[in-house]
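What follows is a short report on a single structure.
Note that ligands are numbered from 1 as they come in the structure, with each ligand's atoms numbered from 1 the same way.
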Amino acid sequence: MSRTLIVYYSRKGENYWNGSIKNLEKGNTEIVAEMIADLTGGDLFEMDTVKTYPADYYACIDEAKEELRRKDRPELKTYPESLDGYDTIFVGYPNWWGTMPMAMFTFLEHYDLSGKKIIPFCTMKEAEWAEVKEI
Ligand SMILES: Cc1cc2nc3c(=O)[nH]c(=O)nc-3n(C[C@H](O)[C@H](O)[C@H](O)COP(=O)(O)O)c2cc1C
């Protein structure tokens, strides 16, 4: 087993890709996670939520905004049983309203990450959204 884990969340369906909305068969963050796995030889773990987010981009935007307001912790389908064997953990996620999808907080709060090297990476549409300031 590798001592490096790449955990990521990535949403298929309508999303921004190269400046416009496309229907993605593979999410942007998943593509980057796989590149990191190739480079590091690390193990990949894709997080998945019990709830299904809308494939429609704008419906998903609204739902994620409400989750952020409520500080939700969406339930995950599965977790790695233990992170004990890993000393480096890449944490990958799409920028959702200027922060991580709430489900990534669910994951991180599930474990004691003391002493581990955490390397976040993030994909996004652009650096700043006017709407983020309204939350
Ligand atoms: C719910 C939601 C919220 C988003 N919020 C932002 C944002 O605040 N800033 C931004 O630049 N992009 C935002 N985006 C665009 C995504 O971060 C971007 O398309 C990302 O690469 C998607 O990654 P994925 O395909 O791995 O899910 C948002 C997308 C969604 C679906």
Could you check whether the rings of Y79 and Y111 sit parallel, tilted or perpendicular, using 30° and 60° as the cut-offs? perpendicular

Atoms in ligand 1 flagged as close to [X], the criterion being non-hydrogen separation under 4.0 Å:
X	result
T29	23 (O), 24 (P), 26 (O)
N28	19 (O), 20 (C), 21 (O), 22 (C), 23 (O), 24 (P), 25 (O), 26 (O)
W97	3 (C), 4 (C), 5 (N), 6 (C), 7 (C), 8 (O)
Y16	19 (O)

Ignoring hydrogens, just give me the one of G98, P101, C122 whose non-hydrogen atom is nearest atom 8 (O) of ligand 1. G98

Between V32, I31, N95, flag the one that comes closest to atom 14 (N) of ligand 1 by a heavy atom. N95

Which one holds for A64 and ligand 1: side chain close, backbone close, both close, or neither close, with close meaning a heavy atom under 4.0 Å? side chain

When rounded to the nearest 0.5 angstrom, what distance separates CG in L5 from CD1 in I119? 11.5 Å

Could a heavy atom of Y57 be found less than 4.0 Å from some atom of ligand 1? yes

Are [X] and [Y] side-chain neighbours, meaning at least one heavy-atom pair lies under 4.5 Å?
X	Y	value
K26	K12	no
E67	P74	yes
N15	Y57	yes

Residues passing the ring-ring contact (aromatic ring centres under 6.0 Å, His included) test with Y9, sequence neighbours excluded, are W96

N or O contact, E30 vs ligand 1, cut-off under 3.5 Å: no

Please confirm whether R11 comes within less than 3.5 Å of ligand 1 when only nitrogen or oxygen atoms on both sides are compared. yes

Report the residues that fulfil side chain to side chain contact (heavy atoms under 4.5 Å, CB included) with V32, sequence neighbours left out, ordered by chain and then residue number. I36, F121, T123

